[in-house]
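Structure first, commentary second.
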Amino acid sequence: MPVTGLVDALLGTGTTGAPRGVYASLIREANASGLPIVAADLPSGLDADTGAVHDPCIRARVTVSLAFLKAGLTQYPGARAAGDVVVRYIGIPRTLPPGMKPAGTVLTEAALSELGADPGRRREPDGHKGTYGHVLLAAGSLPMSGAGLLAAKAALRAGCGLATWALPAALLPPLLGAVPELMLAPVADGGSGAWNPAAANEVLRLLEARDVLAVGPGLGRFPGEGAYLRALWEGAARPLVVDADALNILAASGFAAWPRREAATVLTPHPGEMARLTGLTTAEVQRDRLGVARGFAAEHGVTLVLKGARTIVAAPDGRVFVNVTGHPGMATGGTGDCLTGIIAGLLAQGLDAVQAAALGVYLHGRAGERAAALRANPASMLTGDILDAL
Ligand SMILES: NC(=O)C1=CN([C@@H]2O[C@H](COP(=O)(O)OP(=O)(O)OC[C@H]3O[C@@H](n4cnc5c(N)ncnc54)[C@H](O)[C@@H]3O)[C@@H](O)[C@H]2O)[C@@H](O)CC1
Ligand SMILES: Nc1ncnc2c1ncn2[C@@H]1O[C@H](COP(=O)(O)OP(=O)(O)O)[C@@H](O)[C@H]1O
C-alpha cells in the first residue's frame, strides 16, 4: 500500500533544545518526503512554550494539540510549522489542576465576552455622544501628520462619542476639514510643526474635559521629549495609551524609575519598540513573545500590547491573551496608529485597560481581514481600508 502521509509523534512538550541524533535524522527525512504530516500534540522540534522552532523541526500540515492548545502553537514561527491546529479531548480533565495557570487565553468572541468586552459593541438605544466618551490624541509632527490623522479617525470608528486631536499648530491649515467629525486643538509650536516640552501643559489642560489620552503616533523626536512625556505620564489622571515615538521616548528616558501611574496605562509596542523598551534585540523579543510581554507588564504595572502577527495582550496581574485575528495585508504603514486610536476609543467608552486592549486588537484584526477580502490583492491594502472596514 502506498504511503500517503506521516504521523509525527516523536518529541513532546518535555524536550529541551534542538532534536539530536536519530530524532534529527527522522525529522529531516519526514520533511524531505514531501508527504503531508500530522503532528501529535506539537511538531517535533518546536518549543511548546515560546513557539521557537529548532533545527530541524517538523513542518506539519495539521497539528492535533492534545487536551489544551499549547502556547507555542499560537506564536510564529511555531504557528507556521504547526499548519492547521486543532485541539482534541483525550480524556485528560478539561480543567487545570489547582494552582496551575494557563499560559494564555485565545481571544475568541466568547473569551472577550467573559472578559466583559462586548465584541458586538452594542449601543444603548437612548445613548448620545456624551455616553461614549471623548478621546484626546497628542500626535503628529511635520513629516508624519498622517499618523495622527489615522489614529484620530480610528478612535471615532471605535465608537467614542467625540475625539480631539492636539497637534503642533503649523500642521493645522492643511488638515482643516480633513476629517470633519474631528476636533483639532493646535498647540503652540513656534511655527516648527514639532512638539516641545511646554506643550505638555496644554495637553493636560485639554485632558481635563476629556476621558482618555493617547500619545505617540507620528509624534517625532524633539529636544525636551523626556520632560514632555514624563509630564503627561505623571499628570494625566485619565487612562493613557502610549505608542510609537512616545514608546521610544519612554525607552530613552529611563521610565522604569518614573512613579507608577494610578490610572490605566496601555503600551502598544511593535517588536522593534519592545526591543528598545527592554534592551533586548528584536530577535530576542520574537523568540519568547509571551514571556517578554508577561514579564514587562507585571514588572511595570501596565497593560502591554505586543503587536505583530498573533498580537499578545499582557495584563499587570499576569493574565495573557493571544489575538488570532488579522491578516498579513496589515503589514503596511499606519496600521499600528490605527490600533492606538481604536484602543483609546474603547477606553473612552468605559472599558478597562485589558478589555480595551483585548477587544481593540480583536476588532483591528477582524477589520484587517475584511479589508483584505475586499481587495483584488490584499498586498494593496492601506490602513484607510481597515478604517473603512471597522
Ligand atoms: N503616515 C504616517 O505618518 C506614518 C507614520 N508612522 C510613524 O513613524 C514613526 C516611526 O515608527 P516605525 O514603526 O516606522 O519605525 P521603527 O524604527 O520604530 O520600527 C520599525 C522597525 O521595527 C521592527 N519591527 C516592527 N514590527 C516588527 C515585527 N512585527 N516583527 C519584527 N520586527 C518588527 C523592524 O525592524 C522595523 O524595521 C512613528 O512615530 C510612527 O507613528 C508610521 O506609523 C507609518 C505611517
Ligand atoms: N502578518 C500580520 N498578521 C496580523 N497582523 C499584522 C501582521 N503584520 C502587521 N500586523 C498588525 O499591524 C499593526 C502594525 O503596527 P505597527 O508596526 O506599529 O505599524 P505602524 O507603525 O506603521 O503604524 C499591528 O497591529 C500588527 O499586529
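When a residue number appears, it is its place in the shown sequence, counting from 1. Every number for a ligand or one of its atoms is a count from 1 in the order of the listing. What you see is a predicted model; the values in this text were computed from it and never measured.
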| request: Take Gln75 and Arg310 through the side chain to side chain donor-acceptor pair (under 3.5 Å) test and state the conclusion after the steps. | output: CA-CA 6 Å; Gln75 294 296 305; Arg310 303 289 165 89; over 6 Å; no
| Taking atom CZ of Arg61 and atom CG of Asp84, what is their separation to the nearest 0.5 Å? | 9.0 Å
| query | Any idea which residues sit under 4.0 Å from ligand 2, heavy-atom distances? | reply | His270, Lys307, Gly308, Ala309, Thr311, His327, Pro328, Met330, Ala331, Thr332, Gly333, Gly334, Thr335, Gly336, Asp337, Leu339, His364
| Pair Glu109-Tyr362, side-chain donor/acceptor within less than 3.5 Å | yes
| query | Can you name the closest pair of heavy atoms from Ile312 and Ala293 and give their distance? | reply | CG2-CB, 3.8 Å
| Do Arg276 and Asn248 have side-chain atoms, one donor and one acceptor, less than 3.5 Å apart? | yes
| said: Around atom CD of Glu234, are there more than 12 heavy atoms from other residues, nucleotides or ligands closer than 6.0 Å? | reply: yes
| task | Please list all pairs passing the salt bridge (Lys or Arg N to Asp or Glu O under 4.0 Å) test where one or both residues lie in residues 175-185, with sequence neighbours left out. | result | none
| remark: When Val241, Asn323, Ile343 are each screened for side-chain contact (heavy atoms from CB on, under 4.5 Å) with Val305, the one that passes is Ile343
| query | Got a sec, which hydrophobics cluster with Val179, joining ILVMFWY side chains under 4.5 Å apart, including via others? | reply | Leu137, Leu142, Leu149, Leu156, Trp165, Leu167, Leu171, Leu172, Leu175, Leu176, Leu182, Leu184
Nitrogen or oxygen contacts under 3.5 Å, ligand 1 side and protein side:
| unit_1 | atom_1 | unit_2 | atom_2 | d |
| --- | --- | --- | --- | --- |
| ligand 1 | 3 (O) | Ala147 | N | 3.0 |
| ligand 1 | 13 (O) | His270 | NE2 | 2.8 |
| ligand 1 | 17 (O) | Arg276 | NH2 | 3.0 |
| ligand 1 | 18 (O) | His270 | NE2 | 3.4 |
| ligand 1 | 18 (O) | Arg276 | NH1 | 2.9 |
| ligand 1 | 18 (O) | Arg276 | NH2 | 3.4 |
| ligand 1 | 19 (O) | His270 | NE2 | 3.0 |
| ligand 1 | 30 (N) | Gln286 | NE2 | 3.4 |
| ligand 1 | 39 (O) | Gly218 | N | 3.1 |
| ligand 1 | 39 (O) | Asp245 | OD2 | 2.6 |
| ligand 1 | 41 (O) | Gly218 | N | 2.9 |
| ligand 1 | 41 (O) | Asp337 | OD1 | 3.1 |
| ligand 1 | 43 (O) | Asp337 | OD1 | 3.4 |
| ligand 1 | 43 (O) | Asp337 | OD2 | 2.7 |

